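In the text below, chain A, chain B and the rest are named by the order of the sequence lines, each starting its count at 1. For clarity, every value in this text was computed on a predicted model and none was experimentally measured.
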There are 2 protein chains.
Amino acid sequence: MRRRVGITDVAAKAGVSVTTVSHVLSSRRPVSQATRNRVLKVIEELDYRPNELARSMRAQRTFTIALIVPDITDPFGASVARGLQDAVRPASYHCLVASTDAERDVERDILHRLLTRVDGVVLSGSGNTPEELEPVIDARLPLVLLGADTPGPGFDVVTGADHDSGALATKHLLERGHRRIAVITAPTDFGAPARRVEGYRDALTEAGLPADPALVVSAPVTRDGGAYAMAALMDLPDRPEAVICGDDVVAIGAVGAAAGRGLSVPADVAVMGFGDHEAAALVTPKLTTMALPSREHGRAAGELILERIRETEPGEPRRIVIPAVLVQRDSA
Amino acid sequence: MRRRVGITDVAAKAGVSVTTVSHVLSSRRPVSQATRNRVLKVIEELDYRPNELARSMRAQRTFTIALIVPDITDPFGASVARGLQDAVRPASYHCLVASTDAERDVERDILHRLLTRVDGVVLSGSGNTPEELEPVIDARLPLVLLGADTPGPGFDVVTGADHDSGALATKHLLERGHRRIAVITAPTDFGAPARRVEGYRDALTEAGLPADPALVVSAPVTRDGGAYAMAALMDLPDRPEAVICGDDVVAIGAVGAAAGRGLSVPADVAVMGFGDHEAAALVTPKLTTMALPSREHGRAAGELILERIRETEPGEPRRIVIPAVLVQRDSA
DNA sequence: TTGAAAGCGCTAACAG
DNA sequence: CTGTTAGCGCTTTCAA
C-alpha cells in the first residue's frame, strides 16, 4: 500500500515548514498570500488530506458520537440514528452505531470499547442501570438516555411525552363520542407503556368517566398478541366501543380480530395504534395512530450532546420531552 | 475534565516501564507473573482503559468500517447496517454510518471526511460514478459497492440475484397456472429493476410463452403508483391473471386497486411483491413476495471488507450474489 | 511572516 | 525478563 501523503510531504514539496502548511489549513495565523498559494497548489497536486485520526489525537476529540440501540433494524432505532446524524453533521461529527439486541453483555462490551473513541454517547434500551452507565459517566463523556424518564448526575434524557400521548389518544376517542374505551398495552408495569396507560386513565377521569380495569388488557407486541387481546375484549359482556393499542402492529392484529367477528372498523369499534409505522398507512382501514417522532428524539439527543461537549462547566441534568402527534386516518 | 489515566500513570504506579504495561495488555512478549499481577492490579485500581485513538494511530488502523447509504431509515439500509455490524464485530470493528439522501455533494463530502478515519467503506446508492469512487480507491481503502452489478479495479460488489429473482417470481406464478403475467416496475431502464424484468422475460420465453410488452408497465415506487398501474393493467382488453410488483408497497397499492374494481386477490388476480417489508405480512391478503435478505448483503459486505483488510496482495475484484427468497403467503 | 520542536498515548524495535 | 526511545501525523507554543 502506497504510503499516504502527509503534511511533511506537502511541506517539503512546497519548501515550507509543516507549521506553515498546518496554518494555511487552519487559518489560525496569517500566512503570506504567496506562500499560501504555493502550499495550496501542492496540496492539490498531491491530493493531500489531513489525517483525521492524528488531528483527533492532538485535539483529544474524536468528532464522533456513538449511538447504541437494541436494534438498528427497528424503525425507531433507525429514525433516531437519522435524527442524530442530522443534528451533529453540521458540526462535522460522525455517528458510530451499534445494535446490542438489548443484551447486557454486548452493551457493556461495546460501551467499553467505544469510550475512548467517541465524544459522547446516546443510549437507548435496557442498559439503564446505574452500574452500566458508570464507565461513561466516570469518563465525563456526555451521555443521553433515550426513553428514560428522569435525568441524573452525568446524564441527560430525551423521552416521549408518554402520559400526554396516552391522554391525547383517549381524548380523541372521547371527542368522537366513544365512552367505553379499552387499552391493549405491552406486558410491563413500568416505562413508556405504563405512563401512557396512566394518561389514558387520567383523561377518562377528567371526563368524569370511570376507568374500568377490565378494559385494560396486556398483550405481546405482535399481530397475534393484538388479535387475541381484541378477541377477549370483544367477548366482554359490555364490549368497548373503541380500543387504543400500544403499537400499530397490535392495532393491525386487533382490526383483523374485529373483522373476523364481523365487526367493522371504525363503525362498530374504533381502533387506534401507536408509532405510525410504514404499515399504518398501508393497511385497510388506514390506521389512526399516535406518531412518535423518533427522528426528533435523535435530533434532540444530538443537540444535547453537542451542547454538553461545548459547555465548560457541567450544567444541571436536562430532560427533553418530545410530544407524540395524532395522525388521524380511517380506523378511529 | 479530570485528565484521563494513561499508560504512563499505570507504569509509574506499578513501578515498571510503559513497555511492560503495554505487554501485559497485549501478551506479545512474556512478563513475569509477579509483575503482571502487580500491573493488572494497578490497572484495575486506576480503571485504566487504553486509548483506542492512540492505538489506531500507531497501528495505522482505525478498526472502523464506514457504511454510506441513501437513508438508514429505509428498511434496506437499516438491515444492511445490522448485517455489516454482525460481520465485523467479532473482529472488533465498529461501524460508522451515514445517510446521504442520495445527494452527490453530501456523499462526496462524507466520503472525504471519512477516508482517514476508517479501514474500509461500504457504499450503497447512487454514488457509483468512477469519479466519486476515485478518492477511496486511490486511498487503497477496501471498498464494497452494494447493488452495483460488476466489480472493478479497487472495488468489490455485493448484489442481489436480480435476474434470477425476476425469473423465480415468474416461475412461481407459472406453476400456479397463470399464463398472462404482468409486471409493474420502477421507472428506470437499468439496475436491479431492469434486470428483474429481464429475468421475467426469460422465464416466460423458457416456458414457451410470449412476452407481451403491454404487460410491462412502470410506476413510481409508492402505493398510489401501484394503484394506478394496476388500474391500467386491469383495463386491458385481455387483462393479466397475475402481476409481479417491483416493491411490496406497489403491490399493496395494486391489491387495493384490484379490490376497488371488485376483483379479489388472489382468486381473480394474483399479486406478488418484492422486498418482504414489515407491512407485507400485515396487510390483507398477506403478500406473497420475494424477500431480499438485506442483512445478508450487509454481512457479505462486511466479510469482504475484512478479507480485503487482511490480504497483503490486492486480489481480483470480487462479486458476491445474494439470492432472493420466495415467501409464499396469500396473495399469489 | 515563518520555523523548530514538544508532545497527544500508544507500540515495538533495539538494548540490556 | 525489562527498559529506553523513536516515532504514528498532526497542532501549537516558543522563538526568531
> Are A:Leu123 and A:Leu133 close enough that some pair of their side-chain heavy atoms sits under 4.5 Å apart?
Replying inline: yes

>> Counting only side-chain heavy atoms from C-beta out, which of C:dG9, C:dC10, D:dC1 sits nearest to B:Pro30?
In response: D:dC1

> Is the shortest side-chain N/O distance from A:Arg55 to OP1 or OP2 of D:dT11 below 4.0 Å?
Replying inline: yes

>> Output the rounded distance in Å from CD1 (A:Ile43) to P (D:dC10).
In response: 10 Å

>> Can you measure A:Asp9 atom CG to D:dC10 atom C1' for me and round it to whole angstrom units?
In response: 13 Å

> Hey, does B:Arg117 have a side-chain heavy atom less than 4.5 Å from the side chain of A:Ser56?
Replying inline: yes

>> Which is more 5' along DNA chain D, the nucleotide nearest B:Arg36 or the one nearest A:Val18? Just name the residue.
In response: B:Arg36

> Please give, in whole Å, the distance from C:dG3 P to A:Arg28 CZ?
Replying inline: 19 Å

>> Within the 4.0 Å heavy-atom criterion, would you say B:Thr19 contacts the bases, only the backbone, or no part of the nucleic acid?
In response: base

> So, the side chain of B:Glu107 versus the backbone of B:Ala102: is there a donor-acceptor pair under 3.5 Å, distance only?
Replying inline: no

> If you draw a 6.0 Å radius around CD in B:Glu316, do more than 12 non-hydrogen atoms from other residues or ligands fall strictly inside?
Replying inline: no

>> Could you tell me how far apart B:Arg117 (CZ) and D:dC10 (P) are, to the nearest whole angstrom?
In response: 13 Å

> Between C:dC8 atom P and A:Phe63 atom CZ, what is the distance in whole Å?
Replying inline: 19 Å

>> So A:Ser22, base contact, sugar-phosphate only, or nothing? Heavy-atom distance under 4.0 Å.
In response: base

>> Looking at A:Arg29 and C:dT1, is any side-chain donor or acceptor paired with a base atom of the opposite kind under 3.5 Å?
In response: no

> Which listed nucleotide (D:dA6, C:dT2, D:dG9) is nearest to the side chain of A:Arg58?
Replying inline: D:dG9

> Is the shortest side-chain N/O distance from B:Ser26 to OP1 or OP2 of C:dT11 below 4.0 Å?
Replying inline: no

> Does A:Gln33 put a side-chain nitrogen or oxygen below 4.0 Å from OP1 or OP2 of C:dT1?
Replying inline: no

> Of the nucleotides C:dC8, D:dT5, C:dC10, which one has an atom closest to the side chain of B:Ala54?
Replying inline: C:dC10

>> Please report the distance, rounded to the nearest Å, between CG in A:Asn37 and P in C:dT2.
In response: 11 Å

> Does atom CD of B:Glu311 have more than 12 heavy-atom neighbours from other groups under 6.0 Å away?
Replying inline: yes

> Closest to the A:Ser32 side chain: C:dT1, D:dC1, C:dC10?
Replying inline: C:dT1

> Within the structure shown, what part of the strands sits under 4.0 Å from B:Thr35 by heavy-atom distance: base, sugar-phosphate, or nothing?
Replying inline: sugar-phosphate

>> Expressed as a whole number of angstroms, how long is the span from B:Gln60:CD to D:dC10:P?
In response: 10 Å

> What is the distance from CG of A:Leu25 to P of D:dT11, rounded to the nearest Å?
Replying inline: 7 Å

> Does the A:Arg299 side chain pair with the main chain of A:Leu84, one donor and one acceptor, at a distance under 3.5 Å?
Replying inline: no

> Just to confirm, is there a sub-4.0 Å distance from OP1 or OP2 of C:dG3 to any side-chain nitrogen or oxygen of A:Thr20?
Replying inline: yes

